[in-house]
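All chains are named by letter (A, B, ...) in the order of the sequence lines, taking the proteins before the strands, and each is independently numbered beginning at 1.
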Amino acid sequence: MRLSRYFLPTLKENPSEAQIVSHRLMLRAGMIRQQAAGIYSWLPFGHRVLTNIARIVREEQDAAGCHEILMPTIQPAELWRESGRYDDYGREMLRITDRHERELLYGPTNEEMVTDIFRSHVRSYRDLPLNLYHIQWKFRDEVRPRFGVMRGREFLMKDAYSFDLDKPAAIAAYNRMFVAYLRTFARLGLKAIPMRADTGPIGGDHSHEFIILAETGESQVFVHADLVARDILAEGVDYAADLQPVVDSWTSLYAATDEKHDPVAFGALADGKRIEARGIEVGHIFYFGTKYSGPDAMNVTVQGADGKPLHPEMGSYGIGVSRLVGAIIEASHDEAGIIWPESVAPFRVGIINLKPGDAAADAMAGEIYDALRAAGTDVLYDDRDERAGVKFADMDLIGLPWQVIVGPRGAKEGRAEIKRRRGGERHELDKAAILERLLG
RNA sequence: CGGGGCGUAGCGCAGCCUGGUAGCGCGACUGGUUUGGGACCAGUAGGUCGUCGGUUCGAAUCCGGCCGCCCCGACCA
């Protein structure tokens, strides 16, 4: 993409409404436009990141055996009356009346609807286990939206729902999601720590929050250092195997938010193993049994092997996709701007042509641009007629992992500079060596 | 929902106290000079001062209602 033809409205100054760093940087990098409190438009640059995060979430859900569906944002009130939550949910739920005076709502979550889909199509225990998910916009009319996309009213969420024959099978499904979440956040470049959690209005008795460590996080967390050092991606995973030992090995080490913190247990950890940090919740998983499928709620049954009806055991699993955009920035930035992990970066490489119009610089920047695109790399080519300082500042602000800086002097000698955004180390190399670094 | 703050040009702000022609910086546009870390000169465009009402000869400015946004707290992916 040539920057001269792209829509990237960067800002030099901080908008006054944005107080936290991710919100400021998202506005300054031209990623979002606020439309109302907690409601945002996503501009091209931000939309690319959102799409990249959703892609990784989707890949890991699919790998764990889930099936993607897409449920509507608008739901009929009757479903929620069946589960009893229409009145329980309170004013956070946005209620709508259509032209026929029918009561609708903008979905804050989808347990009822997915349960309705399940009960109308699944009849036999042979169809279990089943896990359905979708990535869809939710609306929760928060009293006080804040922190940009970190706590919006409208937000993009991946929510998955598992159905199983009995509790052991449901726990196995829970464990698969537990591991899938660890892998997902690791691939997003984040250190996510599972912590035992309250279940809140979703209900149930088995639940973990996934919290990433970031200096600017909203809650205080206390974790065992070995959890932070551990790399789930290096371990590999077999979803057909019993994952309980994996889950146990993660949950046996100390990790708690300040609400559930036990200073005595934490203090008993070995010196050097106690980490106090700030955290941001990015995922939450629940096992809640037959809360929605049971006879007092939506009364869902499938026929068991013995011919008798049984209520499936359920769980639900959420990842805040739009929140993750902000959370990743909170966890990965410096004074100059964003530092994207490669996996979610809107473009992998940014090329700066310091002097468009200079024959040597144009040729070299153009050749590198063409070669990278031909190799399938997303690359943003700053070919604008701007001063060098403006281009450097913008490129650092938008945080692409790699920068290639082509100036007239170096280009004449056949060399350009390659700079890693994270860390800032740079090398002056010839074209072939630059391409080798980026593509090799 | 309790407490606090703020709405003046695309962004950041001054002007308001003490009523009298709406300003500054950045950004945008035009021309020129510049060119390896947010240049310089000249010119241009852009604002019913959130909104409704009141006071007044006259309101961005004083008074009141409403709307919107931000921050702290309680609650949440």
With sugar-phosphate meaning primed atoms plus P, OP1 and OP2, does A:V321 contact a base, only sugar-phosphate, or nothing at under 4.0 Å between heavy atoms? nothing

Rounded to whole angstrom units, what separation is found between the CZ atom of A:R85 and the C1' atom of B:C76? 14 Å

Complementary nucleotide for B:G23 - Watson-Crick or wobble, under 3.5 Å: B:C13

Any strand is fair game: report the nucleotide pairing with B:G31 by Watson-Crick or G-U wobble, both distances under 3.5 Å, or none. B:C41

Is it true that a side-chain atom of A:R24 and a backbone atom of A:Q19 form a donor plus acceptor pair closer than 3.5 Å? yes

Please state how far atom CZ in A:R323 lies from atom P in B:A77, giving the value in whole angstrom units. 8 Å

Each nucleotide in nucleotides 22-34 of chain B should get exactly one letter: B, S or -. Can you fill that in based on protein heavy atoms under 4.0 Å? ---BS-------B

What contact category does A:D159 fall into here, base, sugar-phosphate, or nothing, at under 4.0 angstrom with non-hydrogen atoms? nothing

Check the pair A:E60 / A:K158 against salt bridge (Lys or Arg N to Asp or Glu O under 4.0 Å), numbers first and verdict last. CA-CA 12 Å; A:E60 289 299 323; A:K158 186 286 301 180; over 6 Å; no

Nucleotide of B:G36, B:U35, B:C71 approaching A:E417 most closely (side-chain heavy atoms): B:G36

Does the separation of the ring centres of A:F210 and A:F178 fall below 6.0 angstrom? yes

Pick the C1' atom in B:C49 and in B:C13, then give their distance to the nearest Å. 14 Å

Nucleotide of B:C69, B:C71, B:G36 approaching A:F392 most closely (side-chain heavy atoms): B:G36

In whole angstrom, give the distance that lies between atom CD1 of A:I20 and atom P of B:C71. 8 Å

Is there a donor N/O on one and an acceptor N/O on the other, under 3.5 Å, for the side chain of A:R426 and the base of B:G37? yes

Salt-bridged, A:R348 to A:E342, with N to O below 4.0 Å? yes

Starting at CE of A:M395 and ending at P of B:G38, how long is that distance when rounded to a whole Å? 16 Å

Which residue lies toward the 5' end of RNA chain B, A:R415 or A:L156, if each is placed at its nearest nucleotide? A:R415

Do A:R230 and A:S249 pair up side chain to side chain, a donor and an acceptor below 3.5 Å, judged on atom types alone? yes

Between A:Y181 and A:H284: side-chain donor-acceptor atoms closer than 3.5 Å: no

A:A393 side chain, from C-beta outward: closest of B:G38, B:G73, B:A77: B:G38

Rounded to whole Å, CZ of A:R144 lies from C1' of B:C69 at a distance of 12 Å

Kindly say whether, by distance alone, the side chain of A:R28 makes a donor-acceptor pair under 3.5 Å with the base of B:G38? yes

Kindly state whether the ring of A:Y6 and the ring of A:F347 have centres lying under 6.0 angstrom apart. yes

Please determine whether side chain to side chain donor-acceptor pair (under 3.5 Å) holds for the pair A:D62 and A:Y133, giving the CA-CA distance in whole Å, both sets of side-chain angles, and the decisive distance to 0.1 Å. CA-CA 9 Å; A:D62 291 347; A:Y133 77 97; 2.8 Å; yes

Let me know the distance between CD of A:Q35 and P of B:C67, rounded to the nearest Å. 21 Å

Under 3.5 Å, is there any donor-acceptor pair linking the side chain of A:R151 to the base of B:C76? yes

Return the pairing partner of B:C6 with a 3.5 Å limit on both distances, Watson-Crick or G-U wobble; otherwise return none. B:G68

Applying the 3.5 Å cut-off to both distances, the Watson-Crick or G-U partner of B:U55 turns out to be none

Regarding B:G37, can its base be found pairing with the side chain of A:D396 as donor and acceptor, where the two atoms are less than 3.5 Å apart? yes

Without decimals, in angstroms, what is the distance between A:Y161 OH and B:A77 C1'? 11 Å

Rounded to whole Å, CD1 of A:I398 lies from P of B:G38 at a distance of 18 Å

